[in-house]
Each structure stands twice: as C-alpha cells, then as structure tokens.
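The block underneath contains the structure these notes are about, expressed in structure tokens.
Letters A, B, ... are given to chains in the order of the sequence lines, protein chains preceding strands, and every chain is numbered from 1.
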2 protein chains.
Amino acid sequence: MKKIPSIGEAEWQVMNVLWEKGEATFSEIRSALKEHSWSQTTIHTMLTRLIKKGVVAIKEGISPYVFYPLVSREECRKHETFSFLKRVYNGSVKLFLANFVNDVELSDREIDELLKMLEKCKTTEQPSEGENDNA
Amino acid sequence: MKKIPSIGEAEWQVMNVLWEKGEATFSEIRSALKEHSWSQTTIHTMLTRLIKKGVVAIKEGISPYVFYPLVSREECRKHETFSFLKRVYNGSVKLFLANFVNDVELSDREIDELLKMLEKCKTTEQPSEGENDNA
DNA sequence: ATCTATATTCTACATTTGTAGTATGCAATT
DNA sequence: AATTGCATACTACAAATGTAGAATATAGAT
C-alpha cells in the first residue's frame, strides 16, 4: 500500500473527475468541473500539485495531455477515514460508531442494510474452521 | 446549533485537554500536553486562535487565566464527521458505511456491539406509538 | 509568415495551520 | 528599587491550500 499524501478539499473534486473518467484531458476535466466557477489556471494548478504529490500522472507523448490517477479512490478514502478517526476520535472506532449512529439520521432501510453488511462481515471475519474464503 | 469553525490537527489536541478538564489554566494545559514537545508559545498561539475562532473563552478577572471551551466535543465531532462525509464520500452515508466495515477491521465483539446499537437506534427512530423517550 | 485559439507553464497572493522567538507585564523576593 | 520568574502578548516564518493573472508554446487557419 503506497503512501497517500494529504489531499485538500478542492483537490478531491479534481481527483473525483479523474477517478470517474479513468483518464481525461485538461478540457475534459475542465468541463466536468464547470459547476465550480474555477478559472482554468486554478484547475491546472491543482493538477500540477496532484502530480507533484504523486497521485496523478500524465500520459507522456500525447498531444493534449491525458491525466490519470495513480492512486485509487478506495485507497484515498481509506486513508482519509483513518486520519479522521485518529484526529477526531483518538482512533476509537467504537466511540466513533456510537456517535455516528446518533448524528447521522439513518433511515430504517439504511439501518437494515448496514445490519446485513455487518452480519456478512462477521461471518467472513471469523476464520473458525473454514479458513478458505472463496469470494 | 452554533457555527463550528474548522479546527486543525494540533488545535484538536488543545481542545481535548479543555474538554476533558472542563476548564484549565495555561500551566495545566501545558502540563497536560507535555508529551507533545511543543514550546509554550506554540500552545499559547493555538489558544489565542481558538479564542479568535470562538470555540474557547477566558474566565475574565482571574489571576492566571482560566480557559474553557465554548463548544462541546460532540458538536465538533459531528461537524467533522459531516465535513468528512461530504468531502470524501460526497455525503453518501451508505457508500461510506459499505467501505467502512471493510476498511476498519472490526472484531466480532465490536460488530456485535454495533449491531446492538443499531437495533436500539431502529427502535428509537421509528416514532410509531411511543413518542416519549425517557433516557 | 502571421494570426488566433487552445494548451501549458510560471509566478503571485491570501488564508490557514504548525511552530516558535522575543518582549513586556506583573508579582514575590531580596 | 532592582531582580527573578511566571504570565501574557506580539511578531515571524514556513508549508499547505485555494485562487488566479500573465506569459509562452503549439497548432491550425489565412
């Protein structure tokens, strides 16, 4: 698992475009972000910084540059999740969840889905006898 | 619910002391933070900024200032949680949870506890007949 | 070769955050 | 009153982030 740098609020927006498109030229990125009234250079600056941070790269040799992500959204999300947990909850998952189920008003449907996920998780987690998990 | 400003990593550490102690003089804060090798002025700067942000205040008139928090840890945690959800998961609780139960390796015990919390939550949420929740 | 539009780079500036030196105020002590 | 020590304030600086103007390059049209 590679080192994930910190990614700012606005940078996430740019990354989102890249993650959703897989790869994109600058104008594609720009038009995908047109709802944000960012100037072109602003977007370019962010791309440059993301490249410097090692999370975005350019396909070399092609006329209009093609940008693509070097890290997966999942990796970044995971990284953010843990840094959030650490900062705000001293890393206590338990504490976090106790607050979370209160703060976020989950619908009954969401709760049920979550329950299902957790049940599945439990079965998968415990390696009692069947150590072979064929996904 | 008052406006919660953004609170940085290091600032959280200071807030934690205040939240845990309820109130504290500077030296108390300093000694509570001694594991971080911060210079005194660093801590003071953070307190000043937290005051400017409106999340900490000083009990006026007393010899060594007594600092105390103006916002609860719960409020701040909630605020951080939502801003995290928004930034990283576009606000999708569902998406977040699906990833979360995978990323965080919950022990079976934790899963059980969470299941219990959720069940309770479900009962509490639906206001079918018993609208009166005596905590 | 020149013009024009798009592509790409460089530079700049404000704000937030982490970090800390220096200076001043005040109080107890000699 | 001068000294010493803690309390409080002022100032400074670097890195990260959001934001964008200005300059240059490059390609296609004239």
Side-chain angles (χ1 to χ4, degrees), chain A residues 3-18 23-68 76 79-80 83-84 86-88, chain B residues 3-18 23-68 76 79-80 83-84 86-88:
Chain A
K3 187 106 195 140
I4 307 287
S6 75
I7 294 177
E9 170 92 28
E11 290 172 338
W12 264 87
Q13 302 302 121
V14 177
M15 289 307 286
N16 279 334
V17 174
L18 258 20
E23 58 174 52
T25 65
F26 178 68
S27 8
E28 289 171 326
I29 296 170
R30 173 155 51 95
S31 61
L33 289 170
K34 64 173 170 300
E35 39 193 303
H36 303 268
S37 46
W38 283 326
S39 102
Q40 311 206 167
T41 37
T42 297
I43 299 174
H44 232 111
T45 301
M46 288 193 285
L47 281 166
T48 305
R49 286 180 186 162
L50 290 167
I51 288 170
K52 198 194 228 165
K53 288 182 183 183
V55 290
V56 166
I58 294 176
K59 258 184 184 154
E60 293 294 349
I62 314 176
S63 48
Y65 287 172
V66 173
F67 300 84
Y68 63 96
C76 287
H79 180 261
E80 284 292 326
S83 99
F84 160 76
K86 183 161 179 299
R87 183 163 40 98
V88 179
Chain B
K3 188 104 194 142
I4 307 286
S6 76
I7 294 177
E9 170 91 30
E11 289 172 338
W12 265 87
Q13 301 303 120
V14 177
M15 288 308 287
N16 278 334
V17 174
L18 258 20
E23 58 173 54
T25 65
F26 178 68
S27 7
E28 288 170 329
I29 296 170
R30 172 155 51 95
S31 62
L33 289 170
K34 63 174 173 299
E35 40 192 301
H36 303 269
S37 45
W38 283 327
S39 100
Q40 311 206 166
T41 39
T42 296
I43 299 175
H44 232 112
T45 301
M46 289 192 287
L47 280 166
T48 305
R49 286 179 186 164
L50 290 167
I51 288 169
K52 198 195 227 163
K53 288 183 183 182
V55 291
V56 165
I58 294 176
K59 259 186 184 153
E60 293 294 349
I62 314 174
S63 50
Y65 287 173
V66 173
F67 300 84
Y68 63 97
C76 288
H79 180 261
E80 285 292 326
S83 99
F84 159 76
K86 184 161 179 299
R87 182 163 40 100
V88 179

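- Counting only heavy atoms from C-beta on, B:Thr45 has its side chain closest to C:dT19 among C:dT19, C:dT8, D:dG18.
- Look at B:Thr48 and you won't find any side-chain N or O under 4.0 angstrom from OP1 or OP2 of D:dA9.
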Review item, side-chain donor-acceptor pairs of residues 43-50 of chain B, under 3.5 Å, at least two apart:
unit_1, atom_1, unit_2, atom_2, d
B:Thr45, OG1, B:Thr41, O, 2.8
B:Thr48, OG1, B:His44, O, 2.9

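- Between A:Phe67 and A:Phe26 the shortest side-chain heavy-atom distance falls below 4.5 Å.
- Considering CD of B:Glu11 and OG of B:Ser6, their distance stands at 7.0 Å, rounded to 0.5 Å.
- Pairs of residues two or more places apart, or lying in two chains, that qualify as side-chain hydrogen bond (donor to acceptor under 3.5 Å, both in side chains) and include a residue from residues 28-38 of chain A are A:Gln13-A:His36, A:Thr25-A:Glu28, A:Arg30-A:Gln40.
- Between the side chain of B:Arg49 and the base of C:dT19 there is at least one donor-acceptor pair of N/O atoms closer than 3.5 Å.
- Between its two ends, the helix from C:dA1-D:dT30 to C:dT30-D:dA1 turns its axis by 30°, counting five pairs per end and rounding to 10 degrees.
- Within a heavy-atom distance below 4.0 Å of DNA chain C, no residue of residues 24-35 of chain B is found.
- In terms of heavy-atom proximity, B:Val56 sits nearest to B:Met15 at CG2-SD, 3.4 Å.
- Here A:Tyr65 does not reach the OP1 or OP2 of D:dT26: none of its side-chain N or O atoms lies under 4.0 Å away.
- Between the NZ atom of A:Lys52 and the C1' atom of D:dA15 there is a distance of 11 Å, rounded to whole Å.
- Side-chain atoms of A:Glu11 lie closest to D:dG18 of the nucleotides D:dG18, C:dT8, D:dA16.
- The shortest heavy-atom contact between B:Val14 and B:Leu33 is CG2-CD1, 3.9 Å.
- Between A:Trp38 and D:dT19, a side-chain N or O to OP1/OP2 separation shorter than 4.0 Å is present.
- Computed from coordinates, the A:Ile7 CD1 to D:dG18 P distance equals 11 Å when rounded to whole Å.
- Atom-to-atom, CZ of A:Phe67 to C1' of C:dA7 comes out at 9 Å; the value is rounded to the nearest Å.
- Rounded to an integer number of Å, the gap from A:Ile62 CD1 to C:dT8 P is 11 Å.
- Between A:His44 atom NE2 and D:dA25 atom P there is a gap of 15 Å when expressed in whole angstrom units.
- In this structure, the CG atom of A:Leu47 is 15 Å from the P atom of D:dA20, given to the nearest Å.
- Contacts of B:Lys59 classified as salt bridge (Lys or Arg N to Asp or Glu O under 4.0 Å), with partners at least two apart in sequence or in another chain: B:Glu23.
- Considering only side-chain atoms of B:Lys53, the nucleotide from D:dA9, C:dT17, C:dA20 that sits closest is C:dT17.
- Separating the CD1 atom in A:Ile4 from the CD atom in A:Glu80 is a distance of 9.5 Å, to the nearest 0.5 Å.
- In this structure, the CD1 atom of A:Ile43 is 14 Å from the C1' atom of C:dT8, given to the nearest Å.
- Between the CD1 atom of B:Ile58 and the C1' atom of D:dA7 there is a distance of 11 Å, rounded to whole Å.
- Looking at the side chain of A:Met46, the nearest of the listed nucleotides C:dA20, C:dT16, D:dT19 is D:dT19.
- Considering only side-chain atoms of A:Gln40, the nucleotide from C:dG21, C:dT8, C:dT17 that sits closest is C:dT8.
- Proximity of A:Thr42 to the phosphate of D:dT19: no side-chain N or O atom is located under 4.0 Å from OP1 or OP2.
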Interface polar pairs with nucleotides 22-24 of chain C, N/O, under 3.5 angstrom:
none

